[in-house]
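Working notes, structure below.
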Amino acid sequence: MKTKILALAAGLMTATALASVPAKADVKIGLLGGISGPIAAMAPAMIDAAQLAFQQVNEQGGIGDGEQLVGVVGDSACNPQNGTDAATKAVNIEGVIGVVGPHCSGAVLAAAGSVTIPAGITMITPSGTSPEITTLDDKGTVFRTVPSDDYQGRALARTLKDQGYEKVAVAYLNNDYGTGLANAFKAEFVDELGGEVTQFAAHEEGKASYRSNLAELAKGDADTLVIFDYGDGTGLTILRQALENGFFDKFVGGDGMKSEAVINELGVENLGTFVASSPVGEQSASLDIFNEDFKNIGGDPDAIFATTSYDAAFLLALAVEKAGGKKEDVAAAMAEVSNGEGEPIRPGEWKKAKELIAAGKAIDYKGAAGDQNFDANGDVPGTYALWEVGTNGFEVLTEMK
């Protein structure tokens, strides 16, 4: 009997000792995406790609002393107010150490200015492309893995000229994304290349009909309409009504128009003269690794912003690891893990990176979308392609330079 009592006491002491050991806390990163709103069809692949990065981190040792990395998903809805609200919840309620997203430029600018910059939280967007992001007074805390629209707009203008487009009309959404992209395109197409923009007009989101807008745009006798908008929202409505009324013969979209919703709603047979620009991963061993890994979880590697979303999540995880989990050091660490110097780290190589960081050695992330070497503004170079619609969906027509 005495033996049993002693054994029970020993068991209770052991249980008490175990209970006194604090459980390892999760490390949370916000994933703020346009889950609803005009890019809703794009968001799932972007979120899945980021979650793949977190999955690989957790399978290969986690953060720090084995803490699990958890993506806290919030809906920024591709607008400034929702972006601010989602960021506020992620930072103040969930206690995230960093943010991947938001997905749209207006939400990025609002969430950064109102929430993450004041809180000292590092933000990295995979798809916020407005030139205004470059000039944010962000104390070095805002990064992106996609080039600025100044780059995309000018590259698209050069590509269209090379493809024989001489006279176009431009319709753009009156927000940070649409305005920045349209202005960059026009500056290159007209001022640098001698092309003609016959009409250049902003439009507001959410109207039932844009036929009067299209009639004005068609007055300059251009046979091509360039649309800087979203293919899940107003851009789709404009393209549909332009096709229905025969206002233009050819159509060009920015990256926001490269949406499966356009094909699903309008049909391949009606999109033979529609092309759209989109960022693509540079051909590399890193891209091959990502493509295979993303396919293995059921993802589409050609989905827009899939590569940049993965890179944003993996880079932020690397920065958190290098910063020792201290949020105030993450931004500085971000600039150190991808600057062209150190041992190359490719997608999925978390264990290797973790060991090198622990040994105090420099690393250099070679991303799925490119090398991702940040400049002083947190911007990166990148690669774009012009896509056409074929029998299998969007297919690369030509590279953009």
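What you see below is based on every heavy atom in this structure, not just the backbone, and it leaves out hydrogens, waters and symmetry mates.
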Would you mind checking if Lys161 and Glu166 are paired as a salt bridge, meaning a charged N to carboxylate O distance below 4.0 Å?
yes
Has the side chain of Gln60 got a donor or acceptor atom that lies under 3.5 Å from a matching backbone atom of Gly348?
yes
Side chains of Tyr310 and Gln51: any donor to acceptor distance under 3.5 Å?
no
Side-chain donor or acceptor of Asp176 paired with backbone N/O of Ser105 under 3.5 Å:
no
Any idea how Trp350 and Phe314 line up, ring-wise: parallel (<30°), tilted (30 to 60°), or perpendicular (>60°)?
perpendicular
Heavy-atom donor-acceptor pair, Asp149 side chain to Gln152 backbone, under 3.5 Å:
no
Check for a donor-acceptor pair, side chain of Thr141 on one end and backbone N or O of Thr122 on the other, with a separation under 3.5 Å.
no
Ala202 backbone acceptor or donor facing Asn174 side chain under 3.5 Å
no
Do side-chain atoms of Asp364 reach the backbone of Ser338 as a donor and acceptor pair under 3.5 angstrom?
no
Check the angle between the aromatic planes of Phe251 and Phe248 and answer parallel, tilted or perpendicular using the 30° and 60° thresholds.
perpendicular
Could you tell me if the ring centre of Phe185 sits under 6.0 Å from that of Tyr172?
no
Tyr365-Asp311 side chain donor-acceptor pair, cut-off 3.5 Å
yes
Could you tell me whether Phe143 and Phe374 have their ring centroids closer than 6.0 angstrom?
yes
Please check this pair: side chain of Gln241 against backbone of Ala208, looking for a donor-acceptor N/O pair closer than 3.5 Å.
yes
Please verify the inter-ring angle class for Trp387 with Phe394; under 30° counts as parallel, over 60° as perpendicular, anything in between as tilted.
perpendicular
Side chain of Asp26, backbone of Lys28: donor and acceptor closer than 3.5 Å?
no
Do the numbers put Lys250 on top of the ring of Phe274, so that NZ or CZ is under 6.0 Å from the six-membered ring centre and no more than 45° off the axis?
no
Would you find a donor on one side and an acceptor on the other, under 3.5 Å apart, between the side chain of Lys354 and the backbone of Gly62?
yes
Exam field: side chain Ser76 to backbone Gly83, donor-acceptor pair closer than 3.5 Å:
no
